[in-house]
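Quick note on labels: first sequence line is chain A, next is B, and so on, each numbered from 1. As the structure is a prediction and not an experimental result, all values here were calculated from the model.
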Protein chains: 2
Amino acid sequence: MSRILVVEDDPAILRGLTDNLQYESHEVLTATDGETGYGLIRQKNPDLVILDLMLPKLSGYELCRRVRAEGVSTPILMLTAKGEEVDRVRGLDLGADDYVTKPFSVPELLARVRAILRRARSTETLPAQLCFDDVVVDFQRYEARKSDKPLKMVRKEFGILRLLAARAGQVVTREELLDQVWGYENYPSTRTVDNHIASLRAKLEQDPSQPCYLITVHGVGYKLVD
Amino acid sequence: MSRILVVEDDPAILRGLTDNLQYESHEVLTATDGETGYGLIRQKNPDLVILDLMLPKLSGYELCRRVRAEGVSTPILMLTAKGEEVDRVRGLDLGADDYVTKPFSVPELLARVRAILRRARSTETLPAQLCFDDVVVDFQRYEARKSDKPLKMVRKEFGILRLLAARAGQVVTREELLDQVWGYENYPSTRTVDNHIASLRAKLEQDPSQPCYLITVHGVGYKLVD
DNA sequence: CCCGCAATGTCATGAAAATGTCATGAAAAC
DNA sequence: GTTTTCATGACATTTTCATGACATTGCGGG
């Protein structure tokens with residue numbers, strides 16, 4: 001069903017995971033050290049990586065950081081030993097999608113795997129880049145250029161632009177932008193979106209008062225032209 | 001606006017949720033145990049179920065499993081107490097659409113409710129496009145063209161046309177249009193519909209005084225020809 | 001067939017809603 | 001502490017929209 005890479009140096013755990021995942025009809029790749037794991041991520045492009053934290057050659061941390069820095073967005077589920085609380089925070093910080101502490105219950109781990117895969121499938125694929133006119137925006141490097149000149153853009157602006165680009169041509173409502181870019185925890189007013197759109201226009205449009213790319217659809221939302 | 005079932009045994013929480021949801025002009029049904037909740041889902045067919053995990057008689061977990069097994073696809077938002085980590089995973093596994101851990105922030109919960117309802121509505125079977133004669137209307141991009149020339153249409157016009165297109169060939173009454181396009185909060189006179197139809201004709205018909213596509217059915221309503 | 005009445009077409013107008021714009025201060029990041 | 005990011009509110013401007021007056025059409029009954 002899905003291709004899953006397990007990077008784990010304890011052969012007993014590795015075997016147990018492999019059997020269970022295969023039993024759920026997944027294709028399983030394995031590695032017992034960080035460097036091999038890194039290579040397999042690049043070559044085989046798995047749908048999910050289950051990653052032990054303590055690994056020979058290249059730690060789970062370092063591996064995670066490295067692939068994320070390269071813009072690989074493959075979901076990662078971390079395996080941490082009990083008491084590595086601090087590590088857990090650092091792990092999620094580095095871009096892991098979930099974590100399980102050892103010793104773990106196999107059904108729970110499988111449930112988390114299913115949840116991650118489901119989430120990954122339902123998430124629309126966000127673009128890594130956007131180009132139009134003389135503008136180039138790189139959403140992984142968080143860099144933007146206009147006529148080759150570096151452009152200063154802030155985090156929310158990248159987020160908004162990225163969602164608009166993902167649905168290029170279609171109208172995105174302010175509520176959808178708030179859901180996706182802000183999340184549900186803090187939910188500012190829809191007017192906040194307008195302000196960010198205004199500053200995006202000021203930076204990206206030739207004539208911000210006559211926008212050609214960031215279009216208002218009155219009563220509905222905004223869209224980015226194709 | 002929407003019909004929401006809340007299944008929660010703590011009367012304080014139940015009351016708070018009910019008040020807030022009603023304040024957002026939803027119809028709220030309540031149950032304080034799992035079995036009653038189950039019955040209401042079957043009988044009343046709510047648009048959304050907010051489901052506590054720990055319930056008398058039938059746990060939220062079990063309830064969720066049962067209705068999903070019966071093929072009920074009503075969105076479910078789970079309420080879990082902090083520390084019910086395993087349950088949370090199992091809940092999502094069972095087909096809950098979202099979850100919130102208690103104690104939860106009310107604005108956040110309301111935001112999630114809005115998002116779920118929005119998602120549900122968007123998957124309703126409304127056409128994404130309409131073509132006839134030399135007219136093309138795209139309801140996702142909010143764009144309209146006639147003989148390849150861009151046509152300016154406003155939100156209500158898109159809404160009316162979309163409903164007429166969804167029931168192409170059938171007559172739609174003014175009341176139905178008001179219900180679906182305007183909603184129940186602000187309910188203008190039926191004459192307002194006539195005006196919007198007139199402006200649609202002016203934009204889409206070859207000869208607006210002799211409409212070929214947006215047809216009046218005297219004494220009943222309007223229809224869009226197949 | 002023609003009259004009367006109700007339903008609909010047409011248009012102008014002002015109100016209300018949505019959006020653009022900017023300044024300000026709070027909160028977060030550094 | 002300093003700087004940056006961000007949310008909010010006030011005001012101006014634009015757009016949408018509901019209403020009502022009047023014209024026109026369609027329909028049924030004498």
Side-chain angles (χ1 to χ4, degrees), chain A residues 93 142-144 150-161 164 171-223, chain B residues 107-108 111 142 144 150-161 164 171-175 177-223:
Chain A
D93 255 5
Y142 279 75
E143 283 173 0
L151 202 59
K152 185 174 160 140
M153 266 175 44
V154 296
R155 186 159 39 117
K156 288 277 187 283
E157 289 166 0
F158 277 104
I160 291 173
L161 198 58
L164 290 175
V171 180
V172 182
T173 67
R174 293 174 178 74
E175 285 76 17
E176 285 174 302
L177 284 162
L178 287 173
D179 290 352
Q180 302 292 320
V181 178
W182 274 260
Y184 302 104
E185 288 79 11
N186 51 345
Y187 211 82
S189 88
T190 54
R191 298 312 318 280
T192 301
V193 177
D194 297 327
N195 283 295
H196 285 276
I197 291 285
S199 59
L200 276 170
R201 281 178 179 152
K203 292 171 187 175
L204 304 178
E205 295 276 359
Q206 302 297 348
D207 177 3
S209 65
Q210 300 286 321
C212 296
Y213 298 98
L214 289 162
I215 306 297
T216 302
V217 179
H218 201 280
V220 188
Y222 296 99
K223 69 177 170 180
Chain B
E108 176 180 343
Y142 279 76
L151 205 60
K152 185 176 159 134
M153 268 176 42
V154 295
R155 181 170 51 140
K156 288 277 189 283
E157 290 166 0
F158 278 105
I160 290 172
L161 198 58
L164 290 175
V171 182
V172 182
T173 66
R174 294 176 178 72
E175 283 74 18
L177 283 162
L178 287 172
D179 289 352
Q180 300 293 317
V181 178
W182 274 260
Y184 299 102
E185 284 84 9
N186 52 345
Y187 211 81
S189 85
T190 55
R191 299 310 319 281
T192 301
V193 177
D194 298 334
N195 281 296
H196 285 278
I197 292 285
S199 59
L200 276 171
R201 283 178 178 152
K203 292 171 187 176
L204 303 178
E205 296 277 0
Q206 301 298 348
D207 177 3
S209 64
Q210 299 288 320
C212 297
Y213 298 99
L214 289 162
I215 307 298
T216 302
V217 179
H218 202 275
V220 188
Y222 296 99
K223 72 173 173 181

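As a whole-Å value, the separation of Ile215(B) CD1 from dG9(C) C1' is 14 Å. For Lys203(B) and dG9(C), the NZ to C1' distance is 17 Å, given to the nearest whole Å. Spacing between atom NZ of Lys156(A) and atom P of dA27(C) amounts to 16 Å, rounded to whole angstrom units. Remark: P of dT19(C) and OH of Tyr142(B) are 12 Å apart, rounded to the nearest angstrom. Distance CZ (Arg201(A)) to P (dC22(C)): 13 Å, rounded to an integer number of Å. When rounded to the nearest whole Å, the span between NE2 of His218(B) and P of dA6(C) equals 12 Å. For the pair Leu200(B) CG and dT8(C) P, the interatomic distance rounds to 17 Å; values are reported in whole Å. Nucleotide dT19(C) holds its C1' atom 7 Å from the CZ atom of Arg174(A), rounded to whole Å.
In terms of heavy-atom proximity, Tyr142(A) sits nearest to Phe158(A) at C-CZ, 3.2 Å. Minimum interatomic distance between Ile160(A) and His196(A) (heavy atoms only, all atoms of both residues): CD1-CB, 3.4 Å. Closest non-hydrogen pair, Glu175(A) versus Tyr187(A), comes out as O-OH, 3.6 Å. When all heavy atoms are compared, the tightest approach of Glu205(A) to Cys212(A) is OE1-N, 2.8 Å.
The line from OG1 of Thr190(B) to CG of Leu177(B) is 11.0 Å long, rounded to the nearest 0.5 Å.
Paired with Leu164(A) under the rule side-chain contact (heavy atoms from CB on, under 4.5 Å), one option of Val171(A), Val181(A), Ile197(A) passes, and it is Ile197(A).
At a threshold of 4.5 Å between non-hydrogen side-chain atoms, the residues Tyr184(B) and Asp179(B) count as touching.
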Check against side-chain hydrogen bond (donor to acceptor under 3.5 Å, both in side chains), Arg201(A) and Thr216(A): CA-CA 11 Å; Arg201(A) 281 178 179 152; Thr216(A) 302; 2.7 Å; yes
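Contacts between residues 187-196 of chain A and DNA chain D, defined by a heavy-atom separation under 4.0 Å, are made by Pro188(A), Ser189(A), Thr192(A), Asn195(A), His196(A).
For the OP1/OP2 pair of dG9(C) and a distance below 4.0 Å, the side-chain nitrogens and oxygens of Thr216(B) include at least one atom meeting the criterion. Remark: Tyr222(B) is in phosphate contact with dG9(C), judged by side-chain N or O atoms under 4.0 Å from OP1 or OP2.
Nucleotide dG29(D) forms a pair with dC2(C), judged by Watson-Crick or G-U wobble geometry with both contacts under 3.5 Å. When Watson-Crick and G-U wobble pairs are counted only if both distances are under 3.5 Å, dT19(D) pairs with dA12(C).
Using a distance-only test at 3.5 Å, with no hydrogens or angles considered, a donor-acceptor pair links the side chain of Lys203(B) to the main chain of Lys152(B).
Protein chain A touches strand DNA chain D; the 5'-most and 3'-most nucleotides with an atom under 4.0 angstrom of its non-hydrogen atoms are dT4(D) to dT16(D).
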